[in-house]
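In what follows, a single structure is set out as structure tokens and then discussed.
The basis for the numbers below is simple: all heavy atoms, side chains too, and nothing from hydrogens, waters or symmetry mates. Naming: A, B, ... by sequence-line order, numbering from 1 per chain.
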Amino acid sequence: GAVVSQHPSRVICKSGTSVKIECRSLDFQATTMFWYRQFPKQSLMLMATSNEGSKATYEQGVEKDKFLINHASLTLSTLTVTSAHPEDSSFYICSASDRTASYNEQFFGPGTRLTVL
Amino acid sequence: DAKTTQPPSMDCAEGRAANLPCNHSTISGNEYVYWYRQIHSQGPQYIIHGLKNNETNEMASLIITEDRKSSTLILPHATLRDTAVYYCIVRGGATNKLIFGTGTLLAVQP
């Protein structure tokens, strides 16, 4: 299957700083990328849908000014957690939709573990 | 998208078939059933999907009832590496979004 990478895999930052997470589709073009957040022992929660070249669509309750999403190319989307606080500590996972796949399968990245001190 | 209901946990002996049920009684005609799994601290992995016919691939089989209100994912010969949370998701044809429920934690026992 297609490969999606995330960088960094793990990040620790101080409260009040901003953190950028990258999501890349390595061997396919992704017109759509998705960002999820997962707290311990909970399911994945969709945060936003990102389409290449346009503004992201955020799910209800997700602050768009706090979680900045940029999808500037068909292989890269970034999520910036601005002014991070301890409650933002979570596992952030991206996925990418392969535009050439007949059934629009989503491929997931390995996730980024964010810890805010 | 239709809501799904799965048992929170199941056990299976190594080498035996694992049968994971999913109820999706409010599924509509153009919605597909997808199965993903998530091994601890990793991103989800696609397993299989179907509309109304049974499907099989190298990982699993998907059995969908005739009324489409429920389905069963079958791992024919479970191994310890199949221990994971398995998510059954119903997704409409017009949307790309996957909405994850609570899933089933499958524990394969030696």
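For a residue to count as touching a neighbouring chain, one of its non-hydrogen atoms must lie under 4.5 Å from one of that chain's; by this rule A:Gln6 does not touch chain B. For B:Gln45, no part lies near chain A; criterion is any non-hydrogen pair under 4.5 Å. Using a 4.5 Å cut-off between heavy atoms, A:Leu44 touches chain B through backbone and side chain atoms alike.
Between the side chains of A:Thr32 and A:Asn51, at least one donor N or O sits under 3.5 Å from an acceptor N or O. A donor and an acceptor atom, one from each side chain of B:His24 and B:Ser70, are nowhere located under 3.5 Å apart. Inspection of the A:Ser15 and A:His85 side chains reveals an N or O donor paired with an N or O acceptor under 3.5 Å.
Taking the six-membered ring where the residue is Trp, the centroids of A:Phe91 and A:Tyr36 are separated by 6.0 Å or more.
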